[in-house]
**Student:** 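Below is a structure I'd like to ask you about.
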Amino acid sequence: TSLTAGNLTGTLPAISGANLTGISAGKIGQVVQATRRGEQTMTSTSFSAFNQLQVAITPTASSSKILIMAEIHCHTAAGKAAYMDIRRTVGGSTNTQIGITADSSAIQGFSYRIGFANTSSSNGLGYLRIPISYLDTPSTTDQLHYCPMMKSETNGQTAYIFNNGNLSTLICMEVLA
């Protein structure tokens, strides 16, 4: 039987999702956030962890995933690059550099950004905002620590993380299975 729109009159009943089956929207179990201002510097071409911006979260189930959302402010000399990644520490001892691990061919971690500066400015620094989003699958109920990692493009070149005037954030959410 077909019903045309012209035959519909009156008020339609409210629709309830109570009888829907087989649909899972997922749930957020917990949310943890850390923020940081206060510049730190580094000059190495090896990744260094910056624990000054760190989130600790303990999954309630080994099937949970952790949604990581970060916005890191940094700056470099004009024309030079900063590489950014996230480190996961499980149970206080096992460290994993997530961006490198997620893509074994990547050498830069999650992000490689070149600082573009106003060359007429006195400091010649390129300011960067680096956003990172990643759904991690740690497969554990041990406490996890997440923090940013950074390295400089050229040995001896200073790269700055957590620009003094900008707020860097790191948010982790447990996504329940």
Side-chain angles (χ1 to χ4, degrees), residues 26 28-77 80-115 125-177:
I28 301 299
Q30 56 183 312
V31 178
V32 184
Q33 173 180 269
T35 60
R36 172 75 182 172
R37 278 192 176 96
E39 193 168 84
Q40 302 288 310
T41 62
M42 57 99 55
T43 58
S44 174
T45 56
S46 297
F47 276 100
S48 297
F50 289 89
N51 294 319
Q52 300 89 346
L53 179 65
Q54 180 171 257
V55 165
I57 189 167
T58 304
T60 57
S62 61
S63 58
S64 293
K65 296 181 185 298
I66 305 296
L67 178 60
I68 304 162
M69 296 182 299
E71 184 172 289
I72 311 296
H73 291 272
C74 62
H75 57 276
T76 63
K80 298 295 182 179
Y83 299 81
M84 191 68 63
D85 207 340
I86 299 288
R87 181 183 76 184
R88 177 201 333 121
T89 303
V90 179
S93 61
T94 305
N95 294 320
T96 302
Q97 189 173 337
I98 296 176
I100 297 288
T101 304
D103 178 3
S104 60
S105 66
I107 60 165
Q108 70 266 22
F110 279 110
S111 181
Y112 166 81
R113 297 281 175 94
I114 296 176
L125 295 174
Y127 290 83
L128 307 167
R129 179 186 64 83
I130 299 178
I132 297 172
S133 297
Y134 183 73
L135 186 61
D136 190 23
T137 307
S139 302
T140 186
T141 56
D142 290 343
Q143 187 176 56
L144 305 168
H145 289 91
Y146 293 93
C147 71
M149 301 183 79
M150 186 171 147
K151 74 176 182 175
S152 179
E153 178 182 40
T154 306
N155 208 21
Q157 166 214 328
T158 302
Y160 305 82
I161 189 169
F162 313 134
N163 298 32
N164 283 328
N166 297 304
L167 186 67
S168 292
T169 59
L170 177 60
I171 299 169
C172 290
M173 293 189 246
E174 179 184 13
V175 180
L176 303 173

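Bear in mind that the values here come from a model prediction, so they are computed numbers and not experimental data. Hydrogens, waters and symmetry mates play no part in the numbers below; they use all other heavy atoms, side chains included.
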**Student:** Tell me the closest heavy-atom pair linking Ser44 and Asn155, and the distance in Å.
**Tutor:**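 Ser44 and Asn155 have their closest heavy atoms at CA-OD1, 3.9 Å.
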
**Student:** Using 0.5 Å steps for rounding, measure from the CD1 atom of Ile130 to the CE atom of Met84.
**Tutor:**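 The CD1 atom of Ile130 sits 4.0 Å away from the CE atom of Met84.
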
**Student:** Less than 4.5 Å apart, side chain to side chain, heavy atoms only: is that true for Val175 and Ile28?
**Tutor:**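 Val175 reaches Ile28 side chain to side chain.
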
**Student:** Rounded to the nearest 0.5 Å, what separates atom OG in Ser133 from atom CD in Glu71?
**Tutor:**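 So the gap between those two atoms works out to 10.0 Å.
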
**Student:** Among residues at least two apart in sequence or on other chains, which ones pass salt bridge (Lys or Arg N to Asp or Glu O under 4.0 Å) with Arg88?
**Tutor:**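 Only Asp136 meet the salt bridge (Lys or Arg N to Asp or Glu O under 4.0 Å) criterion with Arg88.
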
**Student:** Closer than 3.5 angstrom, by distance alone: can the side chain of Arg129 be matched with the main-chain N or O of Pro131 as a donor-acceptor pair?
**Tutor:**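 Between the backbone of Pro131 and the side chain of Arg129 there is no qualifying donor-acceptor contact (under 3.5 Å).
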
**Student:** So Leu135 and Ile66, side-chain contact (heavy atoms from CB on, under 4.5 Å) or not? Walk me through it.
**Tutor:** CA-CA 6 Å; Leu135 186 61; Ile66 305 296; over 6 Å; no

**Student:** In Å, rounded to the nearest 0.5 Å, how long is the span from CE of Met42 to SG of Cys74?
**Tutor:**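 Atom-to-atom, Met42:CE and Cys74:SG are 11.0 Å apart.
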
**Student:** Quick one: closest heavy-atom pair of Cys172 and Tyr146, and the distance?
**Tutor:**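 Minimum heavy-atom contact is SG-CD1, 3.6 Å.
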
**Student:** Side chains of Tyr83 and Asp85: does their closest heavy-atom pair fall under 4.5 Å?
**Tutor:**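 Not in contact.
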
**Student:** Does the side chain of Ser46 come under 3.5 Å of the side chain of Lys151 through a donor N or O and an acceptor N or O?
**Tutor:**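 No, because no side-chain N or O of Ser46 sits under 3.5 Å from a partner of the opposite role on Lys151.
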
**Student:** Tell me whether Asp142 contacts the main-chain N or O of Val90 through its side chain, where contact means a donor paired with an acceptor under 3.5 Å.
**Tutor:**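 Not a single qualifying donor-acceptor pair exists.
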
**Student:** Measure the CD-OG distance between Gln40 and Ser48 for me, rounded to the nearest 0.5 Å.
**Tutor:**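 Separation between the atoms: 11.0 Å.
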
**Student:** Looking only at heavy atoms, what is the nearest atom pair of Thr58 and Gln30, with distance?
**Tutor:**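 What the structure gives for the nearest pair is O-NE2, 2.7 Å.
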
**Student:** Do Arg87 and Asn51 have side-chain heavy atoms sitting under 4.5 Å apart?
**Tutor:**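 With C-beta onward as the side chain, the pair touches.
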
**Student:** Evaluate the criterion side-chain contact (heavy atoms from CB on, under 4.5 Å) for residue pair Ser64 and Leu176; output intermediate values, then yes/no.
**Tutor:** CA-CA 5 Å; Ser64 293; Leu176 303 173; 3.7 Å; yes

**Student:** Quick check: do Ile171 and Val55 have side-chain heavy atoms less than 4.5 Å from each other?
**Tutor:**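 Heavy-atom side-chain distance check fails, nothing below 4.5 Å.
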
**Student:** Can you name the nearest heavy-atom pair linking Pro148 to Leu53, along with the distance?
**Tutor:**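 Looks like CD-O, 3.1 Å.
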
**Student:** On the 0 to 90° scale, with breaks at 30° and 60°, tag the Phe50-Phe162 ring pair as parallel, tilted or perpendicular.
**Tutor:**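 Correct class here is perpendicular.
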
**Student:** List in chain and number order the residues that pass side-chain contact (heavy atoms from CB on, under 4.5 Å) with Gln157, two or more places apart in sequence or in another chain; answer none if no residue qualifies.
**Tutor:**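 Testing Gln157 for side-chain contact (heavy atoms from CB on, under 4.5 Å), a comparison that skips the adjacent residues, returns Thr76, Lys80, Ser152, Glu153, Thr154.
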
**Student:** For residues Leu144 and Pro59, report the shortest heavy-atom separation together with the two atoms involved.
**Tutor:**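 Between these two residues, the closest heavy atoms are CD1-CG, 3.6 Å.
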
**Student:** Between Tyr134 and Ile86, is any pair of side-chain heavy atoms under 4.5 Å apart?
**Tutor:**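 The answer is no, as the side chains (C-beta and beyond) never meet within the 4.5 Å cut-off.
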
**Student:** To the nearest 0.5 Å, what is the distance between OG1 (Thr89) and NE2 (His145)?
**Tutor:**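 Between Thr89 OG1 and His145 NE2, I get 7.5 Å after rounding to 0.5 Å.
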
**Student:** Working to the nearest 0.5 Å, report the span between CD of Gln54 and CG of Leu170.
**Tutor:**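 That separation rounds to 9.0 Å.
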
**Student:** So does Thr60 get a backbone contact from the side chain of Glu174, meaning a donor-acceptor N/O pair under 3.5 Å?
**Tutor:**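 A pair under 3.5 Å: yes.
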
**Student:** The criterion is side-chain contact (heavy atoms from CB on, under 4.5 Å); which residues satisfy it with Thr43, sequence neighbours excluded?
**Tutor:**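 side-chain contact (heavy atoms from CB on, under 4.5 Å) check on Thr43 returns Thr158.
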
